[in-house]
K.L.:
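Structure provided below as structure tokens; questions to follow.
The shown structure was predicted, so the numbers you read here are calculated from the model rather than taken from an experiment. Only heavy atoms go into these numbers, but all of them, side chains included; no hydrogens, no water, no symmetry mates. Along the sequence shown, the residues carry numbers beginning at 1.
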Amino acid sequence: MAKVESFDLDHTRVRAPYVRIAGVKHTPKGDTITKYDLRLTQPNQEAIDSATLHTLEHLLAGYLRDHLENVLDVSPMGCRTGMYMAVIAEPAPDDVRAAFEKSLENVAQHGEKIPGVSELECGNYRDHDLQNARAVARKVLDQGLIVQETINIQR
């Protein structure tokens, strides 16, 4: 099986909430794609319920693109502790942290309809919770985002 970066991360030593470079790839045509770990909750101590994480995904997919150029994708982590974001180029971690912070502020204040929530637009459109998504965003902002260095497991 191919090596997976997140399986080498020491989840007991990182301190959420944070922004972390999870990997950098260079395409055959010379483009750079950077993957960021946007951690919302402390691994193995709490997880975000499915409906809340789904709503955060929908909202952050738009708001992160509002505050950061060249976002390719924003996807929830299977462990339900945060999101992965892929971007073209190598934006500085502090710039990503600032964009994530602005995006979370947008989520915390979001009072409109959740984008992309219909049977036509979403594969599980009934599974959303705006109130809790706003609460998670506010909690993260109150805790303060940091740029987290990668701490690998010492094997």
K.L.:
Hey, are the side chains of Val117 and His58 touching, using non-hydrogen atoms and a 4.5 Å cut-off?
P.N.:
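Yes, close enough: below the 4.5 Å cut-off.
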K.L.:
Asp10: which residues meet the side-chain contact (heavy atoms from CB on, under 4.5 Å) condition with it, sequence neighbours left out?
P.N.:
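Once residues adjacent in sequence are excluded, the partners of Asp10 under the side-chain contact (heavy atoms from CB on, under 4.5 Å) criterion are Thr12, Arg13, Ile151, Ile153.
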K.L.:
Answer yes when Asp8 and Lys3 have at least one side-chain N-carboxylate O distance shorter than 4.0 Å, and no when they do not.
P.N.:
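Counted as a salt bridge, because a side-chain N and a carboxylate O are separated by less than 4.0 Å.
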K.L.:
Side chains of Leu56 and Pro76, heavy atoms from C-beta outward: is any pair under 4.5 Å?
P.N.:
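No. Closest side-chain heavy atoms not under 4.5 Å.
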K.L.:
Side-chain contact test, heavy atoms from C-beta onward, threshold under 4.5 Å: evaluate it for Leu145 versus Phe100 and give yes or no.
P.N.:
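Yes, at least one pair of side-chain atoms sits under 4.5 Å.
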K.L.:
Side-chain heavy atoms nearer than 4.5 Å, only ILVMFWY residues, links allowed to pass through others: does that put Leu60 and Val136 together?
P.N.:
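Hydrophobic grouping puts Leu60 with Val136.
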K.L.:
Please name the pair of heavy atoms, one in Pro17 and one in Gly144, separated by the smallest distance, quoted to 0.1 Å.
P.N.:
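That closest heavy-atom pairing would be CG-O, 3.6 Å.
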K.L.:
Any donor-acceptor pair under 3.5 Å linking the side-chain atoms of Ser103 with those of Asn106?
P.N.:
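Checked: Asn106/Ser103 side chains show no N/O donor-acceptor pair below 3.5 Å.
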K.L.:
Listing request: all salt bridge (charged side-chain N to carboxylate O under 4.0 Å, His left out) pairs with a residue in residues 56-70, at least two apart in sequence or in separate chains.
P.N.:
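Output for this query is empty, none listed.
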K.L.:
Check residues 77-90 and write down every donor-acceptor pair under 3.5 Å in which the side-chain atom is one partner and the other belongs to a residue at least two apart or another chain.
P.N.:
residue : atom : partner : partner atom : Å
Arg80   : NE   : Ile48   : O            : 2.8
Thr81   : OG1  : Arg39   : NH1          : 2.8

K.L.:
Please tell me if the side chains of Leu38 and Leu64 come closer than 4.5 Å, counting only heavy atoms from C-beta onward.
P.N.:
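Answer yes - side chains close enough.
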K.L.:
Return the OG1 to CG distance between Thr34 and Leu72, rounded to the nearest 0.5 Å.
P.N.:
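So the gap between those two atoms works out to 9.5 Å.
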K.L.:
Test of understanding: with side chain to side chain donor-acceptor pair (under 3.5 Å), list the residues that count as partners of Arg20, not counting sequence neighbours.
P.N.:
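Per chain and number, Arg20 pairs via side chain to side chain donor-acceptor pair (under 3.5 Å) with Glu5, Asp37, Thr150.
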K.L.:
Using the rule side chain to side chain contact (heavy atoms under 4.5 Å, CB included), only one of Leu59, Leu130, Thr55, Val140 pairs with Val107; which is it?
P.N.:
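Exactly one candidate clears the test, Leu59.
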K.L.:
Determine which pairs satisfy salt bridge (charged side-chain N to carboxylate O under 4.0 Å, His left out) with at least one residue from residues 97-108, sequence neighbours left out, and list them in order.
P.N.:
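Every salt bridge (charged side-chain N to carboxylate O under 4.0 Å, His left out) pair that includes a residue of residues 97-108, provided the two are not neighbours, is Asp94-Arg97, Arg97-Glu101, Glu105-Arg138.
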K.L.:
If you count heavy atoms of other groups shown closer than 6.0 angstrom to CD of Glu46, is the number above 12?
P.N.:
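Result for CD/Glu46: enclosed.
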K.L.:
Do His128 and Cys122 come within less than 4.5 Å of each other through their side chains, counting heavy atoms only?
P.N.:
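Yes - at least one pair of side-chain heavy atoms lies under 4.5 Å apart.
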K.L.:
Calculate, to the nearest 0.5 Å, the distance between atoms NZ and OG belonging to Lys113 and Ser118 respectively.
P.N.:
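Answer rounded to 0.5 Å: 6.5 Å.
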K.L.:
Quick one: pull up OH in Tyr125 and CG in Leu120 and give me the separation to the nearest 0.5 Å.
P.N.:
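One gets 9.5 Å once the value is rounded to the nearest 0.5 Å.
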K.L.:
Is it the case that more than 12 heavy atoms not belonging to Glu119 sit under 6.0 Å from its CD atom?
P.N.:
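Result for CD/Glu119: open.
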K.L.:
If I compare all heavy atoms of Ala137 with all of Ala108, which pair ends up nearest, and what's the gap?
P.N.:
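Smallest interatomic distance, heavy atoms only, reads CB-N, 3.9 Å.
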K.L.:
Quick one: does Ile33's side chain get under 4.5 Å of Thr27's, heavy atoms only?
P.N.:
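When only atoms from C-beta onward are counted, Thr27 and Ile33 do touch, with a gap below 4.5 Å.
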K.L.:
Please check if the number of heavy atoms outside Gln109 that lie under 6.0 Å from its CD is greater than 12.
P.N.:
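Atom CD in Gln109 is packed in, count exceeds 12.
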K.L.:
Sorted by first residue and then second, give each salt bridge (charged side-chain N to carboxylate O under 4.0 Å, His left out) pair with at least one member in residues 126-136; sequence neighbours left out.
P.N.:
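Residue pairs passing salt bridge (charged side-chain N to carboxylate O under 4.0 Å, His left out), neighbours aside: none found.
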K.L.:
Strictly distance-based, threshold 3.5 Å: is any side-chain N or O of Gln148 a donor or acceptor partner for the main-chain N or O of Arg15?
P.N.:
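Present.
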K.L.:
So which atom in Ala99 and which in Leu68 form the shortest heavy-atom distance, rounded to 0.1 Å?
P.N.:
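Nearest pair, atom of Ala99 first, then Leu68: CB-CB, 4.0 Å.
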K.L.:
Taking the side chain as C-beta and beyond, is there a heavy-atom pair between Leu9 and Phe7 under 4.5 Å?
P.N.:
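Answer no - side chains too far apart.
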K.L.:
CD/Gln143 to CD1/Ile146 distance, rounded to the nearest 0.5 angstrom?
P.N.:
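Between atom CD of Gln143 and atom CD1 of Ile146 there are 10.5 Å.
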K.L.:
Considering only heavy atoms from C-beta outward, does the side chain of Leu104 approach that of Tyr63 to under 4.5 Å?
P.N.:
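Counting from C-beta outward, Leu104 and Tyr63 never come under 4.5 Å.
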